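One structure is given here, and the rest of the page talks about it.
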Amino acid sequence: GTAPLPLNACTFNVARQFKKPSWTVAIDYDLLPQTLLYATARSGYRAGAINTGATKTNAALTVARPESVQDYELGLKSDWMIASMPVRTNLAAYLTSYHDLQVQVALPNGSLATGPGGVPCTQALYVAGSCIGVTTDQVTVNAKAAQIYGGEWEISAKPERHLELAWNGGY
C-alpha cells in the first residue's frame, strides 16, 4: 500500500483577493396619472472560491474565478378604471446575464484509493472500475456564461367591494 505523507508535507498556501463593486441604477417616469414606467440596471458579484480538496487531484481546480451578473428590468405599473371598476396592472420584463457562473460539481478523488493488489489507483484503473476507496469531493468550478430572460405580470380587478379578481404569472 501507500504510506500516508507526514503532516508537514500535506500543507499548501493559497492567497487570493477578490474585489468588485456592485451597483444599481434606476429611472422611473410618470407616463400618465397613476402610471409609472421604470427601467433598472444592476451589476452583482460573487467572490471566487478556494477548493481545498481539489488540490489532491487537480491543482487547476484550486481556485474558481469570481462570478459576475448584469441584470436589466423594464416595467410598467398602473392603476386605472374600466367603467367604475378599479384595475391594477404590473408588468415587467427582465434579462440577466451571468459570466463565470459558479457551479458545484462532484469530482472523484482517488488520491488515497488503491487498485488490485494494493497498487495506487491510476486513471486507467479508475476508468476500469478497479479502484477501492475512491471518495467524492464537492468542488466549485466556473461555467462560461448563462442567461435568464422572461417576464412577470400581475393584473387585478375589483368588480365589487368584497370581490377581487387576480391573474398573476411569469415566463
Side-chain angles (χ1 to χ4, degrees), residues 1-27 38-77 90-156 166-171:
T2 306
L5 295 173
L7 189 57
N8 65 355
C10 296
T11 62
F12 67 96
N13 293 321
V14 177
R16 294 290 193 278
Q17 190 174 50
F18 306 103
K19 291 182 184 180
K20 185 175 181 183
S22 294
W23 52 265
T24 299
V25 174
I27 186 169
Y38 69 91
T40 306
R42 293 175 279 266
S43 176
Y45 164 81
R46 181 183 295 174
I50 296 174
N51 298 305
T52 56
T55 59
K56 292 182 251 177
T57 54
N58 188 342
L61 296 176
T62 301
V63 178
R65 293 181 306 279
E67 172 185 298
S68 62
V69 62
Q70 186 69 44
D71 177 66
Y72 304 95
E73 182 177 348
L74 183 63
L76 178 76
K77 296 178 180 283
N90 297 326
L91 307 170
Y94 56 87
L95 169 66
T96 304
S97 296
Y98 291 92
H99 298 284
D100 288 328
L101 180 68
Q102 293 178 8
V103 294
Q104 290 283 314
V105 296
L107 296 178
N109 180 349
S111 61
L112 298 177
T114 57
V119 300
C121 181
T122 63
Q123 181 70 33
L125 289 173
Y126 174 77
V127 170
S130 300
C131 293
I132 297 170
V134 175
T135 60
T136 302
D137 290 334
Q138 291 294 322
V139 178
T140 302
V141 297
N142 294 101
K144 185 174 181 181
Q147 279 194 334
I148 300 171
Y149 59 91
E152 297 176 349
W153 61 90
E154 298 174 0
I155 301 170
S156 63
W167 180 42
N168 305 316
Y171 172 81

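Given the structure is predicted, the values throughout are model-derived calculations rather than measurements.
- Of all non-hydrogen atoms in Ala41 and Tyr72, the two that sit nearest each other are CB-CD2, 3.9 Å.
- Considering all non-hydrogen atoms of both residues, Asn168 and Ile155 come closest at OD1-N, 4.0 Å.
- One finds the CG atom of Leu76 at 5.5 Å from the CG atom of Leu91 (value rounded to the nearest 0.5 Å).
- When the shell of 6.0 Å around CZ of Phe18 is examined, it contains more than 12 heavy atoms from other residues, nucleotides or ligands.
- Taking CD of Glu67 as the reference point, atom CG of Asp100 lies at 8.5 Å (rounded to 0.5 Å).
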> Should Val119 and Leu125 be marked as a side chain to side chain contact (heavy atoms under 4.5 Å, CB included) after you check the CA-CA gap, both sets of side-chain angles, and the distance that decides it?
Replying inline: CA-CA 10 Å; Val119 300; Leu125 289 173; 3.9 Å; yes

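- Side-chain contact between Lys20 and Pro66 is absent, with no heavy atoms from C-beta onward closer than 4.5 Å.
- Contact detail for Gln102 and Asn142: the closest heavy-atom pair is CG-ND2, 3.8 Å.
- In terms of heavy atoms, Tyr45 sits closest to Ser22 at N-OG, 3.7 Å.
- The two atoms that bring Ser130 and Pro116 nearest to each other are O-CD, 3.6 Å, heavy atoms only.
- One finds the CD atom of Gln147 at 12.0 Å from the CG atom of Leu101 (value rounded to the nearest 0.5 Å).
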> What's the verdict on side chain to side chain contact (heavy atoms under 4.5 Å, CB included) for Arg42 and Glu73, showing C-alpha distance, side-chain angles and the deciding distance?
Replying inline: CA-CA 9 Å; Arg42 293 175 279 266; Glu73 182 177 348; 2.9 Å; yes

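- Distance check, rounded to the nearest 0.5 Å: OH of Tyr98 to CD1 of Ile148 gives 4.5 Å.
- Atom CH2 of Trp167 sits in a sparse spot, with 12 or fewer heavy atoms from other residues, nucleotides or ligands closer than 6.0 Å.
- Once rounded to the nearest 0.5 Å, the distance linking CG of Asp71 with OG1 of Thr24 reads 8.5 Å.
- Within 6.0 Å of atom OH in Tyr126, 12 or fewer heavy atoms from other residues, nucleotides or ligands are found, so the atom counts as exposed in its surroundings.
- Atom CD of residue Gln70 and atom OG1 of residue Thr96 lie 9.5 Å apart, to the nearest 0.5 angstrom.
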